[in-house]
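Here's the structure we're looking at; comments come further down.
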Amino acid sequence: MRITFCCTDTQAELWLAGLREALPRACVEPWVSGAAQADYAVVWAPPQSFLDEQHDLKVIFNIGAGVDALMKLKLPLNAKVVRLDDAGMSVQMAEFVCHAVTRHFRELGDYEADMAQRIWSYRQPRSRSSFPVGVMGLGVLGERVAKALASFEFPVNGWSRSAKAIEGVQCFSGPAQLDMFLAATRILVCLLPLTPYTKDIMRRDTLARLQPGGYVINVARGAHLVDNDLLSLIDDGHLSGATLDVFRTEPLPQDHPFWQHPKITVTPHTSARTIRDESIAQIVGKIDALERGEAIAGIVEPGRGY
Ligand code: NAP
Ligand code: GLV
């Protein structure tokens, strides 16, 4: 069995060593142009030339949950794409989003500003019933996040493509229920995959439907959000701010207004990182299952884009 590795921005040696140790019967090599045809690929944002040359691939393992970069490319005819299925990401995402929600709800940014001036000043407690949180995307990450928020007793709404029933979460689905979901929400969390249907989904008309004082947490992809619409709704006072982990251009350009905005918190695409050892174990487990002819989870459906 031959495995080729083609990941940009990744410490290849550690991945190669881990894959070789876990699959001693396989030949695991970093991809170079002209290399022999492989059966499996482990990739992150590979160039089109890699996919053009490796036309016999059976399965392409993406070392992230989001496959939007891969879906823009022309894939080998018979290759299945498999994304990471949690692999240690959902707990990170739950802690990141709960932190952003509670930081906003408990006004911790204001307390930090007070501390800088040695001010001892309480704010009035706020009722969490006035801060319903809406999670867009109730997949591997979104469901975990929604349940974690519900455990803090926030009212939680969720929106997905297909209908769902999740304890403690009021579930909405499909385009017909998007407006109802937004109107029931004050803090909006985006955990959708980036597809042609979800690009620009957070724009003036949708964000304007959030309850007054709305707050946006984008931890999915930058292209879900229309940057200038967010800025103008904050400036108008309809929205109270945002926590943004992902951006249309990454790294976020130095002159982008998000950096300096007093009501926006910026983090560098770090809310749920790929954990190498867990990811290698998951990929190797799936290769073993496929070699035994068994079904695996996490196969991307090209028609829906995730
Ligand atoms: P997932 O398991 O595929 O879940 C996607 C969810 O979105 C599903 O509930 C799906 O509905 C819903 N959805 C998809 N298209 C929709 C549409 N048109 N309308 C309504 N709902 C729609 O994905 P995941 O593992 O939770 O990951 C979600 C995204 O998070 C990834 O694609 C990636 O972009 C992002 N991410 C970011 C980071 C970071 O560090 N910032 C880390 C990891 C992942 P159904 O359930 O009905 O299919
Ligand atoms: C990170 O953004 C991922 O998609 O895993």
Side-chain angles (χ1 to χ4, degrees), residues 7-10 42-45 61-72 81-97 99-100 134-148 157-166 169 171-182 185 188-202 206 216-225 242-248 250-252 265-276 278-279 282-283 297-306:
C7 298
T8 49
D9 298 335
T10 306
V42 176
V43 307
W44 181 252
F61 290 98
N62 184 59
I63 62 163
V67 291
D68 43 293
L70 211 42
M71 290 294 109
K72 287 187 200 143
V81 172
V82 176
R83 58 52 161 287
L84 278 185
D85 207 2
D86 196 334
M89 277 194 255
S90 73
V91 65
Q92 297 177 69
M93 197 53 99
E95 72 197 0
F96 186 96
V97 172
H99 172 83
V135 182
M136 286 204 285
L138 292 172
V140 174
L141 304 183
E143 178 172 351
R144 175 87 182 244
V145 165
K147 286 177 173 168
N157 306 306
W159 183 67
S160 53
R161 205 173 51 93
S162 56
K164 304 212 182 290
I166 302 172
V169 180
C171 292
F172 300 82
S173 61
Q177 293 188 352
L178 178 59
D179 286 358
M180 260 190 298
F181 161 80
L182 293 168
T185 293
L188 181 67
V189 178
C190 182
L191 267 167
L192 291 166
L194 183 62
T195 69
Y197 306 102
T198 64
K199 183 171 177 290
D200 297 334
I201 194 163
M202 290 184 286
T206 50
V216 172
I217 299 173
N218 188 14
V219 279
R221 288 290 184 266
H224 291 300
L225 175 68
T243 292
L244 305 175
D245 184 53
V246 287
F247 305 92
R248 284 181 179 257
E250 294 182 0
L252 184 64
T265 299
V266 167
T267 52
H269 198 143
T270 195
S271 50
R273 305 290 295 270
T274 294
I275 306 293
R276 190 175 52 249
E278 286 184 55
S279 305
Q282 183 173 107
I283 291 167
I299 298 179
V300 172
E301 284 184 32
R304 55 178 209 182
Y306 70 99

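Read the numbers this way: they start at 1 and go in the same order the structure lists the ligands and their atoms.
- Looking at residues two or more places apart in sequence or on another chain, you find no side-chain hydrogen bond (donor to acceptor under 3.5 Å, both in side chains) involving R304.
- The immediate protein surroundings of ligand 1, defined as residues with any heavy atom under 4.0 Å of it, consist of A65, G66, R83, M89, M93, G137, L138, G139, V140, L141, G142, W159, S160, R161, S162, K164, L191, L192, P193, Y197, T198, V219, A220, R221, D245, V246, H269, S271, A272, R304, Y306.
- Checking side-chain atoms of Q92 against main-chain N and O of G88 turns up a donor-acceptor pair under 3.5 Å.
- Using modelled atom types, one side-chain atom of T274 and one backbone atom of I63 make a donor-acceptor pair closer than 3.5 Å.
- Ligand 2 does not have R83 within reach: every non-hydrogen atom of the residue lies 4.0 Å or more from it.
- Close contacts between ligand 2 and H269 involve ligand atoms 1 (C), 2 (O) [criterion: under 4.0 Å to a heavy atom].
- Residues passing the salt bridge (charged side-chain N to carboxylate O under 4.0 Å, His left out) test with D86, sequence neighbours excluded: none.
- Heavy-atom contacts of R221 reach the following atoms of ligand 2: 1 (C), 2 (O), 3 (C), 4 (O) (cutoff under 4.0 Å).
- The side-chain hydrogen bond (donor to acceptor under 3.5 Å, both in side chains) check on T267 picks up D245, with sequence neighbours excluded.
- Looking at T198, its side chain does come within 3.5 Å of a backbone N or O of P193 through a donor-acceptor pair.
- In terms of N/O distances under 3.5 Å, ligand 2 is not approached by G64.
- Rounding to the nearest 0.5 Å gives a distance of 9.5 Å between CD of E278 and CE of M89.
- The ligand atoms of ligand 2 that sit less than 4.0 angstrom from a heavy atom of M89 are 5 (O).
- By heavy-atom distance, the residue among S271, A220, A65, A87 lying nearest atom 3 (C) of ligand 2 is A65.
- Atom CZ of R248 sits in a crowded spot, with more than 12 heavy atoms from other residues, nucleotides or ligands closer than 6.0 Å.
- Looking at H224, its side chain never comes within 3.5 Å of a backbone N or O of M202 through a donor-acceptor pair.
- Contact between R273 and ligand 2 is absent, with no heavy atom of the residue lying under 4.0 Å from the ligand.
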